[in-house]
Trainee: 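Shown below is the structure under consideration.
Each chain gets a letter, A, B and so on, in the order its sequence line appears, and its residues count up from 1. Computed from heavy atoms alone, side chains included, the values below leave out hydrogens, waters and symmetry copies. Owing to the predicted nature of the structure, the values given are computational and were not obtained by experimental measurement.
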There are 2 protein chains.
Amino acid sequence: MTPEPTRDADVDLIVRQAARASDEWRAASLEARAAALVAMGDALDAHADRLIPIAREETRLAEERLQGELKRTSFQLRLFADIVRDGAWIDARIDHADADWPMGAPRPDLRRQLESVGAVLVFSASNFPFAFSVAGGDTASALAAGSAVVLKAHGGHPRLSEATAEVVMDAARAAGAPAHLLQVVYGRDAGVRALRAPEIKAASFTGSVSGGRALFDIAASRDEPIPFYGELGSVNPVFVTARPAEERAERVAAEFVASFTGSAGQLCTKPGLLFVPEGSALERALGEVRLEEGAPLLNESIATGFERTLSATQEQAGVRVLAEGAPGEGPAPILLTAPADAVLEHFEALTAEMFGPAAVVVPYRSDDQLGEIAERLEGQLTATLIAEDDEPLAADLLAALTRRAGRVLWNQWPTGVSVTFAQQHGGPYPATTAVGTTSVGTAAIERFLRPVAYQNVPDALLPAALREENPLGIPRLVDGRLQSPPAGGEATS
Amino acid sequence: MTPEPTRDADVDLIVRQAARASDEWRAASLEARAAALVAMGDALDAHADRLIPIAREETRLAEERLQGELKRTSFQLRLFADIVRDGAWIDARIDHADADWPMGAPRPDLRRQLESVGAVLVFSASNFPFAFSVAGGDTASALAAGSAVVLKAHGGHPRLSEATAEVVMDAARAAGAPAHLLQVVYGRDAGVRALRAPEIKAASFTGSVSGGRALFDIAASRDEPIPFYGELGSVNPVFVTARPAEERAERVAAEFVASFTGSAGQLCTKPGLLFVPEGSALERALGEVRLEEGAPLLNESIATGFERTLSATQEQAGVRVLAEGAPGEGPAPILLTAPADAVLEHFEALTAEMFGPAAVVVPYRSDDQLGEIAERLEGQLTATLIAEDDEPLAADLLAALTRRAGRVLWNQWPTGVSVTFAQQHGGPYPATTAVGTTSVGTAAIERFLRPVAYQNVPDALLPAALREENPLGIPRLVDGRLQSPPAGGEATS
């Protein structure tokens with residue numbers, strides 16, 4: 001049975017419960033937090049046979065893709081358990097009192113750590129029903145930070161959301177976590193009401209620019225504005241220089257097609273623009289690619305949106321179809337092309353995201369023209385260079401692209417976002433609404449933390465991370481110098 | 001001669017120049033950035049005899065106070081030079097490719113660092129014409145991060161702003177910095193125009209809640225919203241428990257008076273509320289304090305605002321005058337009192353900031369009543385406990401206060417903010433508009449940084465911080481483990 005939209009009174013109760021659970025969770029030991037995260041990950045794996053069939057029914061995604069995504073999701077929960085224990089994210093800093101501090105006034109004893117920001121609201125995404133949903137990266141990183149989570153279920157998979165919450169929260173409670181550590185609300189109105197609630201201290205979102213911006217505006221216009229971590233839109237341009245466009249044209253064309261059509265093009269990092277040298281072997285190869293039959297899109301809303309953005313692109317002067325697959329259970333994959341001159345003339349329209357199996361190949365006339373396009377691009381999650389090391393254009397382009405994208409790639413493709421320590425999934429607006437953050441990878445925990453300094457507080461009243469003896473064995477900055485944990489600590493080499 | 005308001009066309013030119021200077025500065029070596037910061041600090045000290053008389057004329061602050069503030073400001077520039085060289089702020093992370101990454105898919109080579117967010121707009125404050133102005137903490141931390149700065153001069157000290165910019169930029173240019181690294185604009189309209197300019201990628205502000213919120217709203221409603229680091233208002237409550245209120249009443253009363261009247265009460269961290277046990281020796285001692293003659297306030301706007309907020313507080317039922325000084329060159333220092341019941345009834349009015357030499361003493365009846373008040377407080381820069389270690393109330397209050405304040409103090413006073421590694425000057429709204437950040441201390445650099453990940457990029461094309469051999473000798477997270485720099489590095493112990 002599909003869950004009903006959550007009523008106003010229930011939303012109000014849920015956010016109050018979340019605030020109390022957050023206070024309790026913030027005070028829990030790192031080990032208690034880690035144990036709960038591990039239990040949640042293990043429970044997901046153990047209940048795959050129950051969850052995956054629901055996901056298949058609700059999202060039309062393939063079995064294999066869902067199996068992989070579930071594995072990624074449980075891995076992610078366990079990875080954040082490791083991160084919690086490591087403690088480097090606490091950014092513990094200790095300044096001992098110093099009567100001769102050269103500022104001109106004595107320095108008091110000051111100790112600073114990062115603590116949970118409070119209860120967090122997570123809007124889940126449609127395209128990753130596990131990895132960016134109830135028990136996904138936002139939830140994992142918020143729980144790791146010591147925050148309770150109110151999860152706004154995506155309308156595309158409500159029953160899966162309910163079942164996932166049940167599975168992971170049964171496990172978390174059994175591991176000692178507060179009963180209301182993770183609660184789910186349903187329906188757009190419930191999400192907006194929760195976003196306006198004073199008990200909610202930060203929110204995260206993955207979805208469209210229009211939806212995300214509307215929620216960002218609500219978060220920013222509250223009496224108490226709160227951080228809103230929106231991961232919105234990105235067209236993920238790929239720039240191919242002269243040599244690979246001649247020397248490995250077939251391979252680049254094939255890899256590009258695989259990347260832009262994978263998951264029916266419904267990935268935040270789908271490469272939507274491919275810049276190729278005019279008249280190159282690659283341009284010819286792209287004219288000869290075979291596109292597969294269309295796979296079903298996630299839901300009607302995405303299908304309608306894809307049709308609309310595709311039409312808008314095709315209507316621009318100079319745009320023509322380079323290759324097209326056959327319609328299947330979903331719309332036919334399609335490769336358009338438009339000359340760079342047309343892109344420069346209708347920049348916004350021709351660099352707009354199409355969320356589905358479509359991309360635009362842009363032949364360019366000169367390096368200067370490519371540079372001009374790179375300078376005009378708005379914020380991106382990723383930007384990719386297909387190039388050789390010794391091409392002078394490559395270094396210049398790389399510098400330009402790092403100012404516009406959160407992740408720059410070299411001879412690899414942007415889809416398939418690995419969950420690691422150094423991953424960055426974010427970028428200047430509209431890629432995200434919070435340019436300094438990531439929603440994938442271990443640094444995602446930073447979004448849900450705030451610093452607190454303790455001045456002259458007796459050791460016994462300090463949080464464990466800041467006590468003189470370093471009982472947690474974490475790395476700390478002591479009087480401005482990084483100190484490894486004492487022998488036996490595992491956090492540093 | 002007082003500088004004229006900057007014209008629109010000049011603002012437009014200045015932000016374009018800032019964007020170009022920022023690109024150049026971002027590419028400068030850490031050593032080049034550090035050298036410029038040191039040169040700027042040294043130049044401030046060398047030109048004290050020129051700058052301090054202008055500051056005295058424009059701000060009416062005392063000579064000694066200005067000398068101390070200048071010293072703090074030049075120290076701060078040199079401290080950020082040390083921080084730049086240390087390189088820990090880069091948060092360099094390297095994940096080597098791993099075919100067996102347990103996520104279920106191979107991990108690519110990923111390397112991530114923090115880089116400048118781009119050109120920054122800094123609104124300077126009235127109350128610290130050096131430390132929170134042209135060459136103050138926001139500027140120092142933005143330059144350290146690799147950002148060029150457009151500085152909106154405060155109307156309270158325009159000539160000093162112009163002179164300071166000339167002094168520090170002559171030194172910076174001589175040290176090799178870009179000509180437009182730091183530029184000043186004058187007038188409210190120029191500030192707003194710069195804030196709306198697409199070339200500006202972040203902004204910081206220190207001032208009133210009303211002014212800061214208006215600017216925050218502009219930053220958030222841009223086509224490309226940008227981070228806005230506003231440090232707005234705080235009443236900095238102080239909670240005195242039973243024992244010190246009896247055992248060291250005279251001392252606490254004297255220290256409180258010194259703290260709330262220092263700099264004529266025009267400090268962000270001025271303790272504006274003092275909670276004392278009803279009928280305690282401290283309450284009696286506070287009825288007998290002698291307040292000095294009033295010192296001049298910074299400018300007419302602040303004097304008017306102080307008068308208005310003071311009247312609004314005095315008009316509340318239950319409020320009476322506990323002690324009052326004599327008017328001098330400025331308004332008489334004044335100590336009000338109101339019972340805790342009245343505070344709970346008119347909470348907003350009686351916990352509002354009065355920016356000037358006034359505070360409210362609140363006798364409380366019970367620990368429960370004090371706890372209730374602590375739970376209702378809005379976000380604060382600081383909260384202070386005057387207590388003994390073995391009082392059970394102290395630990396409970398401490399936990400409540402860390403959820404509401406960026407810095408909690410124990411038996412010390414919040415005024416006099418030390419510039420250190422562990423300092424935290426920020427807190428939940430309205431203390432700041434960006435709860436996760438600080439505007440004082442070395443962590444202030446984090447506000448002007450954004451992460452960029454490099455995937456599979458050849459070593460020669462990587463930024464120095466991410467090259468395999470660690471040529472900068474900085475601490476890095478390699479495959480999830482913190483690594484100290486190689487022998488000879490100075491960053492870690």
Side-chain angles (χ1 to χ4, degrees), chain A residues 68 71-72 75 88 93-95 101-105 107-108 110-112 117 216 220 224-225 227 389 395 398 402 406-412 416 418-424 429 433 435-436 438 443 449-458 460-461 475 477 480-483 491-493, chain B residues 68 71-72 75 88 93-95 101-105 107-108 110-112 115 117 220 224-225 227 389 395 398 402 406-412 416 418-424 429 433 435-436 438 443 449-458 460-461 475 477 480-483 491-493:
Chain A
K71 187 169 176 183
R72 166 191 172 153
F75 162 75
R93 298 166 178 231
I94 296 179
D95 294 333
W101 186 232
M103 174 181 157
R107 182 176 85 183
L110 272 168
R111 293 158 191 252
R112 181 185 194 260
V117 77
F216 169 84
E224 178 191 359
D389 304 21
L398 193 69
T402 57
R407 178 165 53 114
V408 290
L409 299 94
W410 181 270
N411 289 330
Q412 290 186 349
S418 194
V419 180
T420 79
F421 310 102
Q423 185 56 277
Q424 172 58 24
Y429 188 86
T433 57
V435 65
T438 182
L449 295 168
R450 55 176 277 261
V452 179
Y454 295 75
Q455 181 173 330
N456 195 42
V457 172
L461 292 177
L477 192 74
R481 297 174 77 84
L482 190 62
Q483 288 195 349
T492 65
S493 60
Chain B
K71 185 168 178 183
R72 167 192 171 152
F75 162 76
R93 298 165 177 232
I94 295 178
D95 295 334
W101 187 232
M103 173 182 158
R107 181 175 86 182
L110 272 168
R111 292 159 192 251
R112 181 186 194 261
E115 306 185 358
V117 78
E224 177 191 0
D389 304 21
L398 193 69
T402 58
R407 178 163 56 113
V408 291
L409 299 94
W410 181 270
N411 289 330
Q412 289 186 349
S418 195
V419 180
T420 80
F421 310 102
Q423 185 56 278
Q424 172 58 26
Y429 189 88
T433 56
V435 65
T438 181
L449 296 168
R450 55 175 278 262
V452 179
Y454 295 75
Q455 180 172 330
N456 195 42
V457 172
L461 292 177
L477 192 74
R481 297 175 79 85
L482 189 60
Q483 289 195 347
T492 65
S493 59

Trainee: So, for A:L482 and A:L477, which heavy atoms are closest and what is the spacing to 0.1 Å?
Mentor: N-CD1, 3.6 Å
Trainee: Ignoring hydrogens, what is the shortest heavy-atom contact between B:F75 and B:V419? Give both atom names and the distance.
Mentor: CE2-O, 3.6 Å
Trainee: Is it the side chain or the backbone of A:T433 that comes within 4.5 Å of chain B heavy atoms, both, or neither?
Mentor: neither
Trainee: Looking at A:A460, A:A105, A:P225, which makes the most heavy-atom pairs under 4.5 Å with chain B?
Mentor: A:P225
Trainee: Name the member of A:R93, A:E224, A:M103 that forms the most heavy-atom pairs with chain B at distances under 4.5 Å.
Mentor: A:M103
Trainee: Heavy-atom distance under 4.5 Å to chain B: side chain of A:V408, backbone, both or neither?
Mentor: both
Trainee: Under a 4.5 Å heavy-atom cutoff, which of B:Q423, B:R111, B:E115 has the most pairs with chain A?
Mentor: B:Q423
Trainee: What residue, out of A:T402, A:L398, A:T438, has the most heavy-atom pairs lying under 4.5 Å from chain B?
Mentor: A:T402
Trainee: For the candidates A:T420, A:V435, A:L449, which exhibits the highest count of non-hydrogen atom pairs separated by less than 4.5 Å from chain B?
Mentor: A:T420
Trainee: Please identify, among A:P227, A:G406, A:A395, the residue contributing the most non-hydrogen atom pairs under 4.5 Å to chain B.
Mentor: A:G406
Trainee: For A:P108, enumerate each residue passing the side chain to side chain contact (heavy atoms under 4.5 Å, CB included) test, keeping only those at least two apart in sequence or located in another chain.
Mentor: A:L110, A:Q455, B:Q412, B:S418
Trainee: Do you know which of B:L409, B:I94, B:D389 has the most heavy-atom pairs under 4.5 Å to chain A?
Mentor: B:L409
Trainee: Enter the distance from A:W101:CH2 to B:R72:CZ here, rounded to the nearest 0.5 Å.
Mentor: 12.5 Å
Trainee: Heavy atoms only, distances under 4.5 angstrom: which of B:A453, B:P102, B:A220, B:A443 has the most pairs with chain A? Name it, please.
Mentor: B:A453
